[in-house]
S.K.: 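Dropping the structure in here first, questions after.
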Amino acid sequence: MLTLFSRYAQDSRTLAELCSAAEEIARGHGRAKPSSEHFVLAALGLDDRTAIEAFKHLSLTEADFLGALDSQHEAALSSVGMARPAALPGPPTDALVAPKGRLYQADASGQTLVQRLAQSRSKRKGRSLLGADVLLSVAQEAFTPASRAFRSLGISTVQITEAASAAIASRTARASNA
């Protein structure tokens with residue numbers, strides 16, 4: 001029972017860290033609410049390093065993923081006859097960003113991802129939430145910027161799932177040997 005409570009507490013801390021980092025990343029991109037792509041980027045910063053390991057397995061870098069997101073954004077603007085606005089110097093304006101300290105909010109894809117992570121607890125078979133779990137969750141998405149970015153890089157949901165699962169298995173093996 002104590003182990004279960006301890007794992008629940010660890011998952012809560014990891015989820016809070018993910019949400020906070022995703023929100024900061026979204027703010028840095030001029031968005032008021034984080035989306036699933038911001039959670040992918042936040043997962044790369046977790047101490048467990050499983051998301052980074054999965055990216056390495058996919059021969060993918062954070063810069064590649066950001067480039068795919070950027071290309072996607074440009075294509076979307078172009079499809080409606082718009083060009084990317086000139087970048088404003090300095091941090092995003094307060095009008096574009098939710099004030100710090102407000103109750104946490106994510107956009108629809110971010111909310112769905114967080115819910116999927118919370119619901120995955122029973123499927124994790126006695127282990128804590130890891131960064132690669134974010135990638136497993138994104139692999140279940142079809143029409144989010146994160147899933148489209150992976151597809152534009154030629155990475156299928158099967159490949160994401162395999163890479164994330166391998167990173168988790170490696171982490172689990174290291175933990176059991178320690």
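In this chain, numbering begins with 1 at the start of the sequence shown.
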S.K.: Pick from Cys19, Ser137, Ser109: which one makes a side-chain contact (heavy atoms from CB on, under 4.5 Å) with Val114?
M.R.: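 Only one of Cys19, Ser137, Ser109 forms a side-chain contact (heavy atoms from CB on, under 4.5 Å) with Val114, namely Cys19.
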
S.K.: Is it the case that the side chains of Gln119 and Arg116 hold a donor-acceptor pair, with the cut-off being a distance below 3.5 Å and no angle test?
M.R.: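 Looking only at side-chain atoms, Gln119 and Arg116 do not form any donor-acceptor pair under 3.5 Å.
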
S.K.: For the side chain of Arg171 and the backbone of Arg49, is there at least one donor-acceptor N/O pair under 3.5 Å apart?
M.R.: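 No, the answer is negative, given that no donor and acceptor are paired below the 3.5 Å cut-off.
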
S.K.: Kindly give the heavy-atom pair with the smallest separation between Pro34 and Ala26, and that separation in Å.
M.R.: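 So the two residues come closest at CA-CB, 3.6 Å.
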
S.K.: Quick check for you: to the nearest 0.5 Å, what is the distance between Gln140 atom CD and Thr157 atom OG1?
M.R.: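 These two atoms lie 9.5 Å from each other.
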
S.K.: Would you compute the distance between atom CG of Leu153 and atom CG of Leu60 and round it to the nearest 0.5 angstrom?
M.R.: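 Spacing of CG (Leu153) from CG (Leu60) equals 6.0 Å.
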
S.K.: Considering only heavy atoms from C-beta outward, does the side chain of His29 approach that of Leu66 to under 4.5 Å?
M.R.: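 Sidechains of Leu66 and His29: in contact.
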
S.K.: So, for Ala149 and Ala68, which heavy atoms are closest and what is the spacing to 0.1 Å?
M.R.: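 Taking Ala149 first and Ala68 second, the nearest heavy atoms are O-CB, 3.7 Å.
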
S.K.: So, Gln72 and Ser152: side-chain donor and acceptor under 3.5 Å apart, yes or no?
M.R.: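 No, because no side-chain N or O of Gln72 sits under 3.5 Å from a partner of the opposite role on Ser152.
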
S.K.: With a 3.5 Å cut-off and no angle check, do the side chains of Asp64 and Thr61 form a donor-acceptor pair?
M.R.: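 Yes, because at least one side-chain N or O of Asp64 sits under 3.5 Å from a partner of the opposite role on Thr61.
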
S.K.: Is there a donor-acceptor contact under 3.5 Å from the side chain of Ser20 to the main chain of Ala16?
M.R.: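 Absent.
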
S.K.: Look at Asp48 together with Arg174 and state whether they make a salt bridge at an N to O cut-off of under 4.0 Å.
M.R.: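 Salt bridge flag = no for Arg174 with Asp48.
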
S.K.: Does the side chain of Phe55 reach to within under 4.5 Å of the side chain of Leu135, using non-hydrogen atoms?
M.R.: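 Touching, per the 4.5 Å side-chain cut-off.
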
S.K.: Do NZ/NE/NH1/NH2 and the carboxylate oxygens of Arg27 and Glu24 come within less than 4.0 Å?
M.R.: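 Glu24 and Arg27: salt-bridged.
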
S.K.: To the nearest 0.5 Å, what is the distance between CD on Gln111 and OG on Ser36?
M.R.: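 So the CD of Gln111 and the OG of Ser36 are separated by 12.0 Å.
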
S.K.: What distance do Arg121 atom CZ and Asp133 atom CG have between them, rounded to the nearest 0.5 Å?
M.R.: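 If I round to the nearest 0.5 Å, the distance is 11.5 Å.
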
S.K.: List the atom of Lys33, the atom of Asp107, and the distance in Å for their closest heavy-atom pair.
M.R.: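 Heavy atoms of Lys33 and Asp107 come nearest at CB-N, 3.6 Å.
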
S.K.: Which pair of heavy atoms, one from Phe65 and one from Leu41, lies closest together, and at what distance?
M.R.: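 Minimum heavy-atom separation between Phe65 and Leu41: CD2-CD2, 3.8 Å.
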
S.K.: Looking at CG of Leu46 and CG of Leu129, how far apart are the two atoms once the value is rounded to the nearest 0.5 Å?
M.R.: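 With rounding to 0.5 Å, CG (Leu46) is 8.0 Å from CG (Leu129).
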
S.K.: Nearest heavy-atom pair of Ile168 and Ala132: which atoms, and what distance?
M.R.: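 That would be CG1-CB, 3.6 Å.
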
S.K.: On a heavy-atom basis, which atom in Leu136 and which in Ser165 lie closest, and how many Å separate them?
M.R.: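 Nearest pair, atom of Leu136 first, then Ser165: CD2-OG, 3.8 Å.
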
S.K.: Side chains of Phe150 and Ser156: does their closest heavy-atom pair fall under 4.5 Å?
M.R.: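 Counting from C-beta outward, Phe150 and Ser156 never come under 4.5 Å.
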
S.K.: Is there a side-chain contact between Leu130 and Arg124 (heavy atoms, below 4.5 Å)?
M.R.: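 Not touching, per the 4.5 Å side-chain cut-off.
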
S.K.: Working to the nearest 0.5 Å, report the span between CZ of Arg31 and CD1 of Ile25.
M.R.: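 Here the interatomic distance stands at 12.5 Å.
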
S.K.: Does Leu18 reach the side chain of Leu117, with side-chain heavy atoms less than 4.5 Å apart?
M.R.: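 Leu18 vs Leu117: side chains touch.
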
